[in-house]
Amino acid sequence: SQRPRAVVGQDPSPDTNSRASTYRFDLTTARAETYARPGALPKIRPSTIDDDLLRRDFSIHAMAIELTDPARGKLFDPTGGSADLHAGLVRVLHDRSFQDDATRILRAARYAARFGFRIEEATLDRIGRDLRYLDKISGTRLRQEIAHVFTERHPDTTIALLDDLGVLNAIHPSLTATDRQLAVFRTAHELDPNIAWALLAFNASEDDVAHLVRRLALTRKQADAVRAMPALRALEPQLAEPLRPSELDKLLSPIAEATLHAYAAAGEGIAAQRVREYLDRKRTVRTILNGDEVVELGIERGPDVADVLAELRAARLDGEVTTREDEARFVEAYLARELAGF
């Protein structure tokens, strides 16, 4: 089988009883690979350790240690990975490496940013030359590679490097990395991926996001977050006007929450402040009465329950009701208007 198999064991030392003493090895056959065309998944066949090391992404990955006698502990390093590791270099293994699999370009940036390494000069030249091969990669694979960036400890460093290398623009011209966007990536801990996608597409137009969603095969929630960003930016003139809390709530409630969080963090001026106010109130302002209690007060089950709760929440946002008794009187007044045909 070509699939890795895991071996899990426990350190036999008598003084190691913690979970930290558990070890895991993934075992697989040494392999070689060939690419039928640029961007295609490789065709794998069993081979030697030398071939296996030479198929790796970068020299710092292309090392192995002999585990058995008589050469136990011997380092196999056919590409100079040890020297590159000590020099802090990310170096690709062969001239067509990025053409075979352009996702290596994203991994080069990710490893360089993660470890504070430099991308070796010839590798940088090949990245610039081969950016066009990103078009050969499926949207799903590109989306997954970018998602790995979001999980890095310092995603802003990787995103800034991808921007400097022209990678973001090559994937889609609407992806940007302004100082404000990078500041959010820098300070946020474990950023929700839907928010992260909305941030990357912060400056995209409506036409841009339609193409971006298709190009990267975004999931439904990711697509919702990205599509809502130009719609939210279009509301900026209205957000700059004086608004009651209930009016603000009505304006922003249709917008995906991930988009609101992205805009609140990376936006500027009064519009971003209003979005932050809305998110704060959304977390704290709730009606006291629930649907069943509204029905007990005489509202018929069905759409009317949702309508009265929405109006009740608006009244609470605007400070027109504050207590349970206030809410009950509000519902009774609503019912009286309905019965009177107003």
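The line from CZ of Phe76 to CD1 of Ile65 is 10.5 Å long, rounded to the nearest 0.5 Å. Here the CG-NZ distance, from Asp224 to Lys221, works out to 9.5 Å after rounding to the nearest 0.5 Å. Interatomic distance, Ile105 CD1 to Leu162 CG, rounded to the nearest 0.5 Å: 10.0 Å. Atoms OG1 and CG, on Thr140 and Leu216 in that order, are 9.0 Å from each other to the nearest 0.5 Å. The CG atom of Leu335 sits 8.5 Å away from the CG atom of Leu297 when rounded to the nearest 0.5 Å. Summarising the geometry, atom CD1 belonging to Ile146 is positioned 9.0 Å from atom CD1 belonging to Ile159; distances are rounded to the nearest 0.5 Å.
Residue Asn194 forms a side chain to side chain contact (heavy atoms under 4.5 Å, CB included) with just one option from Arg220, Gln222, Glu257, and that option is Gln222.
Between Glu311 and Val308 there is no side-chain heavy-atom pair separated by less than 4.5 Å.
For Arg37, the CZ atom sits in a loose shell: 12 or fewer heavy atoms of surrounding residues, nucleotides or ligands are nearer than 6.0 Å. Applying the 6.0 Å contact sphere to CG of Asp69 captures more than 12 heavy atoms from other residues, nucleotides or ligands. More than 12 non-hydrogen atoms from other residues, nucleotides or ligands lie less than 6.0 angstrom from CD of Gln273. Arg118 CZ: 12 or fewer foreign heavy atoms inside a 6.0 Å radius.
For Glu145 against Thr103, the heavy-atom pair with the smallest separation is CG-CB, 3.8 Å. Of all heavy-atom pairs between Leu232 and Thr259, the closest is CD2-O, 4.0 Å. Nearest heavy-atom pair, Ser138 versus Arg215, reported as atom, atom and distance to 0.1 Å: C-NH1, 3.8 Å. The heavy-atom pair separating Leu309 from Thr287 by the smallest distance is O-CG2, 4.1 Å. Ala62 approaches Pro78 most closely through the heavy-atom pair O-CD, 3.6 Å. Nearest heavy atoms, Leu239 versus Val275: CD1-CG2, 4.2 Å.
Criterion: ILVMFWY side-chain heavy atoms under 4.5 Å apart, direct or through other members. Under it, Tyr133 and Phe98 are not part of a common hydrophobic cluster. Cluster membership check: Leu200 does not share its hydrophobic cluster with Met229, using side-chain heavy-atom separations under 4.5 Å among Ile, Leu, Val, Met, Phe, Trp and Tyr. Hydrophobic clustering (side-chain heavy atoms under 4.5 Å, transitive across Ile, Leu, Val, Met, Phe, Trp, Tyr) keeps Val285 apart from Leu243. Val331 and Ile288 sit in two unconnected hydrophobic clusters of ILVMFWY residues. Membership requires side-chain heavy atoms under 4.5 Å apart, directly or through other members. No continuous path of hydrophobic side-chain contacts links Leu191 to Leu279 [ILVMFWY only; heavy atoms under 4.5 Å].
Ring geometry for Phe202 versus Tyr263: interplanar angle under 30°, hence parallel rather than tilted (30 to 60°). Ring orientation note: the planes of Phe185 and Phe150 are close to parallel, at an angle under 30° on the 30°/60° scale.
A donor-acceptor pair under 3.5 Å links the side-chain atoms of His172 to the main chain of Ser174, judged by distance alone. Put simply, the side chain of Arg91 never gets that close to the backbone of Thr123: no donor and acceptor are under 3.5 Å apart.
Side-chain contact check for Asp249 and Ser253: no donor-acceptor pair (N or O, by modelled atom type) lies under 3.5 Å. No side-chain N or O of Glu332 forms a donor-acceptor pair with one of Tyr334 less than 3.5 Å apart. Remark: the Gln144 side chain and the Arg141 side chain contain no N/O donor-acceptor pair separated by less than 3.5 Å. For the residue pair Arg104 / Ser97, a side-chain donor-acceptor distance below 3.5 Å is found, with atom types taken as modelled. In summary, the side chains of Thr68 and Glu66 do present a donor paired with an acceptor at a separation below 3.5 Å, with no hydrogens or angles considered. The closest side-chain donor-acceptor pair between Ser82 and Asp77, if any, does not fall under 3.5 angstrom.
Salt bridge Asp135/Arg132: absent, no basic N to carboxylate O contact under 4.0 Å. Under the 4.0 Å criterion applied to side-chain N and carboxylate O atoms, Asp95 and Arg126 are assigned as salt-bridge partners. A salt bridge links Asp101 to Arg107: at least one charged side-chain nitrogen sits closer than 4.0 Å to a carboxylate oxygen. A salt bridge links Arg316 with Glu327: the distance from a Lys NZ or Arg NE/NH1/NH2 to an Asp or Glu carboxylate oxygen falls below 4.0 Å. With respect to Asp100 and Lys136, no salt bridge is recorded, no charged nitrogen being found less than 4.0 Å from a carboxylate O. The pair Glu247-Arg274 does not meet the salt-bridge criterion, since no charged nitrogen lies less than 4.0 angstrom from a carboxylate oxygen.
The side-chain tip of Lys282 does not point at the ring of Tyr278 from less than 6.0 angstrom away and within 45° of straight on.
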